[in-house]
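Only this structure's heavy atoms are used, side chains among them; waters, hydrogens and symmetry mates stay out. As the structure lists them, so they are numbered: ligands from 1, and atoms in each ligand from 1.
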Amino acid sequence: MKKITIAIDGFSSTGKSTVAKQLAKALGYVYVDSGAMYRAVALYAMQNGIISQGNFDVEKLVSDLESLRIHFKYNEDLGFAEMYLNGKNVEHEIRTLEVSQYVSQVAEISEVRRMLVLQQQQMGMEKGVVMDGRDIGTVVFPDAELKFFMTASAETRAKRRYKELLDRNENVSYEDVLKNVESRDLIDSTREDSPLMKAKDAIEIDNSNLSLEAQFEKLYALAQETIEKP
Ligand code: CDP
């Protein structure tokens, strides 16, 4: 059976990773969460005093990049790959609201993007991959056979993320989560290098009123169709 590349882009907390994981599992493909890689770099910057409120030493981050080791390791029990930063499992730490508050500033830096995009392209070299992010269909895999662009209202997205963070026992307010979603939308879509935008050939999916099952069925059917296309 032919293998394809599936790119899923969209605004923050649009449920990209949920549907990407489901698709990868159903197709026997590899799932790559590109956002986790940007989050890992942001965590490194936070832990090393490179970024904090009102301070961002871009030069230091760029000069440290070469020595950063960022990789995924598949966890059989969980059924997905976890993020490692310099040999340490940071899967939990990278998902906090604090990391979300710095990650978009880190993701604006071209040197950071260049390094991570290269790694992402290597992971997708053999196809059979579902990757989600902001620039997957536009920059990382412009030739992907199937591209989705996910949207939903900011309030719907903030509610989803708020619930996720509460489920993880994070002490956050809905207002702060909404503010973060809106500020990342703005930074991600207006930055100079690889801004978040819909690829011309991407299929737009507004999932504000779609159940997880309905969304999966829709994307899975489109994937099957693309795979079977001669
Ligand atoms: O899951 P969520 O929607 O909160 O975001 P994410 O996919 O974990 O991505 C976190 C941040 O990384 C985004 O807000 C972007 O600033 C950046 N990112 C990016 O610039 N390019 C990507 N391909 C993926 C993420």
Side-chain angles (χ1 to χ4, degrees), residues 5-21 31-46 51 56 61 70 72 80-83 85 90-121 123-124 129-142 144 147-154 156-165 167-168 170 172 176-199 202 207:
T5 301
I6 303 179
I8 307 185
D9 289 304
F11 293 100
S12 69
S13 319
T14 34
K16 300 181 297 288
S17 65
T18 306
V19 73
K21 267 186 208 160
Y31 162 60
V32 180
D33 173 359
S34 70
M37 301 168 79
Y38 290 92
R39 287 175 177 274
V41 178
L43 180 69
Y44 173 83
M46 288 159 65
I51 199 165
F56 184 9
L61 179 63
I70 287 177
F72 289 103
F80 64 86
E82 295 179 294
M83 186 80 246
L85 168 63
V90 292
E91 182 60 32
H92 195 77
E93 275 170 279
I94 57 169
R95 312 281 169 194
T96 60
L97 184 58
E98 207 191 345
V99 171
S100 298
Q101 276 156 350
Y102 293 115
V103 65
S104 287
Q105 274 170 271
V106 168
E108 277 188 293
I109 309 303
S110 290
E111 287 85 348
V112 171
R113 303 204 69 81
R114 220 175 297 142
M115 177 179 92
L116 298 185
V117 167
L118 211 64
Q119 284 189 28
Q120 290 153 8
Q121 288 170 333
M123 287 189 259
V129 67
V130 185
M131 194 175 292
D132 78 329
R134 303 293 185 284
D135 60 343
I136 310 305
T138 51
V139 175
V140 181
F141 300 125
K147 301 178 185 178
F148 294 110
F149 190 81
M150 317 281 288
T151 63
S153 74
T156 306
R157 294 186 280 123
K159 268 186 216 149
R160 288 179 187 153
R161 184 49 52 94
Y162 177 57
K163 185 176 174 304
E164 261 172 46
L165 290 167
D167 287 347
R168 292 161 34 100
E170 264 210 64
V172 294
D176 283 347
V177 174
L178 177 63
K179 241 189 270 163
N180 177 252
V181 161
E182 289 175 335
S183 100
R184 275 197 293 142
D185 284 356
L186 181 70
I187 303 177
D188 292 348
S189 49
T190 56
R191 69 179 172 224
E192 229 163 88
D193 190 342
S194 324
L196 165 65
M197 60 174 155
K198 180 177 169 291
N207 66 13

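Considering backbone and side-chain N/O of Asp33, none are found under 3.5 Å from N/O of ligand 1. When only interatomic distances are considered, the shortest N/O to N/O separation between Asp132 and ligand 1 does not fall below 3.5 Å. Considering backbone and side-chain N/O atoms, Ser104 comes within less than 3.5 Å of an N/O atom of ligand 1. Remark: ligand 1 and Asp188 share an N or O pair separated by less than 3.5 Å (distance only, no angle test).
Shortest non-hydrogen contact noted between Asp9 and Asp135 is OD1-N, 3.1 Å. A pairwise comparison of heavy atoms in Ala152 and Thr14 identifies N-CG2, 3.9 Å as the closest pair.
Using a 4.5 Å heavy-atom cutoff, the side chains of Glu82 and Phe72 are not in contact. For the pair Leu43 and Arg39, the minimum side-chain heavy-atom distance is 4.5 Å or more.
Protein heavy atom at the shortest distance from atom 17 (C) of ligand 1 is Ala107 CB, 3.7 Å. In terms of protein heavy atoms, atom 23 (N) of ligand 1 is closest to Asp135 OD1, 2.8 Å. When hydrogens are left out, the protein atom nearest atom 8 (O) of ligand 1 is Arg39 NE, 2.7 Å; that is the closest non-hydrogen contact. Nearest protein heavy-atom neighbour of atom 24 (C) of ligand 1: Ser34 OG, 3.3 Å. Of the protein's non-hydrogen atoms, Arg184 NH1, 3.5 Å is the one closest to atom 10 (C) of ligand 1. Counting only heavy atoms of the protein, atom 21 (N) of ligand 1 lies nearest to Arg113 NH2, 3.0 Å.
Look at Arg95 and Asp33 and you find a salt bridge, because one of the NZ, NE, NH1 or NH2 atoms lies within 4.0 Å of a carboxylate O, short of that distance.
Note: Ser104 OG to Asn180 CG = 7.5 Å, rounded to the nearest 0.5 Å. Note that NZ of Lys147 and CD1 of Ile6 are 13.0 Å apart. Values are rounded to the nearest 0.5 Å.
The ligand atoms of ligand 1 that sit less than 4.0 angstrom from a heavy atom of Lys16 are 3 (O). Contact atoms of ligand 1 toward Tyr38: 12 (O), 18 (N), 19 (C), 21 (N), 22 (C), 23 (N), 24 (C), 25 (C) (distance under 4.0 Å to a heavy atom of the residue).
Under the 4.0 angstrom criterion for non-hydrogen atoms, Glu108 is not in contact with ligand 1. Ligand 1 has at least one atom lying under 4.0 Å from a heavy atom of Ser13.
In this structure, Ser34 contributes its side chain and Asp132 its backbone to a donor-acceptor pair below 3.5 Å.
Contacts between Arg134 and ligand 1 below 4.0 angstrom, taking non-hydrogen atoms only, involve backbone and side chain alike. Under 4.0 Å from ligand 1, not a single heavy atom of Gln105 appears.
The environment of NZ in Lys198 is crowded: more than 12 heavy-atom neighbours from other residues, nucleotides or ligands sit within 6.0 Å.
Considering Gly35, Gly10, Gly137, Pro195 only, the shortest heavy-atom separation from atom 25 (C) of ligand 1 involves Gly35. Counting heavy atoms only, Arg161 comes closest to atom 1 (O) of ligand 1 of the residues Met37, Arg161, Met150.
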Review point. Checking salt bridge (Lys or Arg N to Asp or Glu O under 4.0 Å) for the pair Glu182/Lys179: CA distance, chi angles, key distance, verdict?
Key: CA-CA 5 Å; Glu182 289 175 335; Lys179 241 189 270 163; over 6 Å; no

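A donor-acceptor contact closer than 3.5 angstrom links the side chains of Asn207 and Arg160.
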